[in-house]
Amino acid sequence: MLGPVILAASRSDRMRRLVSAAPVTKQVVDRFIAGEDVDDVVPVIRELTERGLELTMDVVGEDITNPAQAAAARDAYLELIDRLKPLELGTRAEMSVKLSMFGQALDGGHELALANIRPVVEAAAEIGTTVTLDAEDHTTLDSMFAIHEELRKDFPQTGCVIQAYLFRTEADARRLAANGSRVRLVKGAYKEPGSVAYLDKHEIDRAYVRILRALMEGEGYPMIGSHDPRLIAIGQELAHQAGRKLDEYEFQMLYGIRTEEHLRLAAEGHRMRVYTAYGTDWYGYFMRRLAEKPANLRFFVRSMITKG
């Protein structure tokens, strides 16, 4: 399987230099990354929302090595919120954050990440929107869930992400569904050992459906993070079985992937949110997109052969 190999490459400085230097890389990366700075993405936000879509914005960058970089990440999100304010989009444009970017992996990282993320959540609430905490590798999740719980004391709309391939996720989903959380369910895109995660695609898909059923039958707000047509159809059926209205759950897909499906779901009245990443430190995000789906890798390789 190529996925684990690509995920390993996402941590390689040598591969980072090689991929970044390839002449074709930028035009391929542009498929998944909406721009390098907030000036680039404001027109994208306007365009997508005018087409009936919603967004969750991600300022990419995970390789934080000191507190000053974590503070800079915080400030980048505060700048984004400042630019969103005059657009008056409310929850139609929310934010997704990785706590590693806020210093979670540094010494005292749990407290540092909480201190850095809180002003972002506060500022988001002031303009009528919210923040979702992205899931990263399994070693970070206890800290992420603890920060999520702490933030929800004052900002109950704060969301979090769970990953179907982890054994622990069914229990996490039942707990989160019971307390009314906003929860995005994804398959998972980090290299995990077989001691903590399903490695077989069919097992992951079955776990996804079990977990999604628990979320739909719970008290929270499920966010279906998938491009898989079969899982999207199952999600619609589970929502119907649970008696949920169209505004009581949503679909989420990545910017640049299955764009026509985004528009189709929105036209049918579904809430369809596009995960829209931007920034200059795109490498880790880009490599996970390649690892998630063979078609993405084929697209990249074909482009390097024909354009390189």
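These numbers come from the heavy atoms of this one structure, side chains and all, not from hydrogens, waters or symmetry mates.
M272 is not listed as a side-chain neighbour of E261, based on a closest heavy-atom distance of 4.5 Å or more. Contact check for R168 versus V196: no side-chain heavy atoms found under the 4.5 Å cut-off. Looking at E136 and Q104, their side chains come closer than 4.5 Å, going by heavy atoms from C-beta outward. Put simply, the side chain of Q252 does not reach to within 4.5 Å of the side chain of V186, judged on heavy atoms. Y255 has its side chain within reach of V44: a pair of non-hydrogen atoms, C-beta onward, lies under 4.5 Å apart. Contact annotation: the side chain of Y249 approaches that of H270 to within less than 4.5 Å [non-hydrogen atoms, C-beta and beyond]. V59 places a side-chain heavy atom less than 4.5 Å from the side chain of Y278. By the 4.5 Å heavy-atom criterion applied to side chains, R184 and D134 are counted as neighbours.
With R244 contributing its side chain and M216 its backbone, the two residues share a donor-acceptor pair below 3.5 Å. For T276 (side chain) and V274 (main-chain N/O), a donor-acceptor pair under 3.5 Å exists by modelled atom type. Checked by atom type and distance alone, the side chain of R92 pairs as donor or acceptor with a backbone atom of T49 at under 3.5 Å. Side-chain atoms of S181 never come within 3.5 Å of backbone atoms of V183 as a donor-acceptor pair (strictly under, hydrogens ignored). Counting only distance, with no hydrogens or angles, the side chain of N116 and the backbone of A113 share no donor-acceptor pair below 3.5 Å. Using modelled atom types, no side-chain atom of R182 and backbone atom of Y221 make a donor-acceptor pair closer than 3.5 Å.
Between K191 and D137 there is no salt bridge, since none of the side-chain N atoms of the basic residue sits less than 4.0 Å from a carboxylate O of the acidic one. Contact check on D82 versus K85 returns no salt bridge, with no Lys/Arg side-chain nitrogen under 4.0 Å from an Asp/Glu carboxylate oxygen. Note on E149 versus R175: no salt bridge recorded, every NZ/NE/NH1/NH2 to OD/OE distance being 4.0 Å or above. Ionic pairing of E268 and R264 is present here: one or more N-O contacts between side-chain nitrogen and carboxylate oxygen are shorter than 4.0 angstrom.
Under the 4.5 Å side-chain contact rule for hydrophobic residues, I127 and V121 share a cluster. There is no path of hydrophobic side-chain contacts, each under 4.5 Å, that joins M223 to M95.
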> Can you check side-chain contact (heavy atoms from CB on, under 4.5 Å) on L84 and I45, steps first, answer last?
Replying inline: CA-CA 9 Å; L84 286 174; I45 294 169; 3.8 Å; yes
>> Under the criterion side-chain contact (heavy atoms from CB on, under 4.5 Å), I'd like the reasoning laid out for I81 against E126: C-alpha separation, chi angles, the key distance, then a yes or no.
In response: CA-CA 9 Å; I81 292 168; E126 288 175 1; over 6 Å; no
> Stepwise, does the side-chain contact (heavy atoms from CB on, under 4.5 Å) test hold for L114 with L151?
Replying inline: CA-CA 8 Å; L114 177 58; L151 291 171; 4.1 Å; yes
>> side-chain contact (heavy atoms from CB on, under 4.5 Å), that's the test. Do R273 and E94 meet it? Break it down for me.
In response: CA-CA 9 Å; R273 193 177 300 274; E94 64 150 37; 3.6 Å; yes
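Shown here for A123 and L78, the closest heavy-atom pair between the two residues is CB-CD2, 3.8 Å. Nearest heavy-atom pair across L166 and H138 is CD2-CB, 4.2 Å. The shortest non-hydrogen separation linking T56 to S96 is OG1-OG, 2.6 Å. Closest approach of L55 to M57, counting heavy atoms only: CD2-SD, 3.7 Å. A pairwise comparison of heavy atoms in G103 and A70 identifies N-CB, 3.7 Å as the closest pair. In terms of heavy atoms, I257 sits closest to H262 at O-NE2, 2.8 Å.
Residues Y77 and D58 have side chains that bring a donor and an acceptor to within less than 3.5 angstrom of each other.
The CG atom of L176 sits 11.0 Å away from the CG atom of L185 when rounded to the nearest 0.5 Å. Taken from NZ in K187 to CD1 in I211, the straight-line distance is 12.0 Å, to the nearest 0.5 Å. Considering CZ of R174 and CG of N179, their distance stands at 14.0 Å, rounded to 0.5 Å. Taken from CG in L199 to OH in Y165, the straight-line distance is 10.0 Å, to the nearest 0.5 Å. A distance of 10.5 Å separates CZ in R210 from CG in D205, rounded to the nearest 0.5 Å. Going from atom OG1 of T169 over to atom CG of L141 covers 7.5 Å, rounded to the nearest 0.5 Å.
Of the residues listed (L53, I232, I224), the one engaging M253 in a side chain to side chain contact (heavy atoms under 4.5 Å, CB included) is I232, and it is the only one. Just one of H148, K153, R152 meets the side chain to side chain donor-acceptor pair (under 3.5 Å) condition when paired with E150; it is K153.
Within 6.0 Å of CG in D200 there are more than 12 heavy atoms belonging to other residues, nucleotides or ligands.
In this pair, F167 and Y198 present their aromatic rings perpendicular. The plane angle is above 60°, beyond the 30 to 60° band.
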